Amino acid sequence: MLGVFAGLAVGFALFSELVGRLVADDGVVEAPWTFVIGFGPQLSAVVGGVVAVVLDTKLRRRREER
């Protein structure tokens with residue numbers, strides 16, 4: 001769950017703030033960028049969840065080997 005929330009927070013900060021400000025021309029964002037800005041946080045939340053599961057699996061394997 002932590003990976004999903006961390007990914008979502010990073011996604012909002014990255015896509016909504018950074019990318020949104022970089023691609024906005026005179027306050028208007030073109031059509032392809034609206035999809036990137038809109039779906040970016042959700043995709044980063046999914047990536048964050050996957051990364052968290054992979055890291056947890058690796059840590060558990062290391063603990064079992066010891």
Side-chain angles (χ1 to χ4, degrees):
M1 290 304 291
L2 182 61
V4 173
F5 287 124
L8 193 60
V10 168
F12 276 122
L14 179 69
F15 289 103
S16 298
E17 295 300 321
L18 186 63
V19 174
R21 291 175 191 251
L22 289 175
V23 299
D25 294 327
D26 298 328
V28 177
V29 179
E30 298 296 324
W33 289 107
T34 57
F35 294 115
V36 172
I37 293 169
F39 290 116
Q42 289 85 359
L43 293 176
S44 65
V46 170
V47 170
V50 170
V51 168
V53 169
V54 169
L55 288 175
D56 184 53
T57 304
K58 285 185 178 183
L59 289 173
R60 286 178 190 243
R61 283 187 193 159
R62 284 187 185 173
R63 287 182 193 156
E64 289 175 359
E65 290 176 357
R66 290 182 184 181

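Quick caveat: nothing in here was measured; it's all calculated off a predicted structure.
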Exercise for the section: Provide the closest heavy-atom pair for Gly38 versus Pro41 in the form atom of the first, atom of the second, distance. Expected result: O-CD, 3.8 Å
Exercise for the section: Taking atom CG of Leu22 as the centre, report whether more than 12 heavy atoms of other residues, nucleotides or ligands fall under 6.0 Å from it. Expected result: yes
Exercise for the section: Go through the structure and list residues passing side-chain contact (heavy atoms from CB on, under 4.5 Å) with Leu55, not counting sequence neighbours. Expected result: Val51
Problem - Linked, directly or transitively: Val4 and Val50 (ILVMFWY side chains, under 4.5 Å) - result: no
Handout entry: Contacts of type side-chain contact (heavy atoms from CB on, under 4.5 Å), residue Val36, not counting sequence neighbours
Key = Phe15, Trp33
Practice task
Check salt bridge (Lys or Arg N to Asp or Glu O under 4.0 Å) between Arg60 and all other residues, then give those that pass, not counting sequence neighbours.
Solution key: Asp56
Handout entry: All side-chain contact (heavy atoms from CB on, under 4.5 Å) counterparts of Ala52, not counting sequence neighbours
Key = none
Problem - Pairs satisfying side chain to side chain donor-acceptor pair (under 3.5 Å), at least one member in residues 3-18, at least two apart - result: Glu17-Arg21
Practice task
If a pair satisfies side chain to side chain donor-acceptor pair (under 3.5 Å) and one of its residues is in residues 34-49, list it, with sequence neighbours excluded.
Solution key: none
Exercise for the section: Report whether Val47 and Leu8 are members of the same hydrophobic cluster (ILVMFWY, side-chain heavy atoms less than 4.5 Å apart, transitive linking). Expected result: no
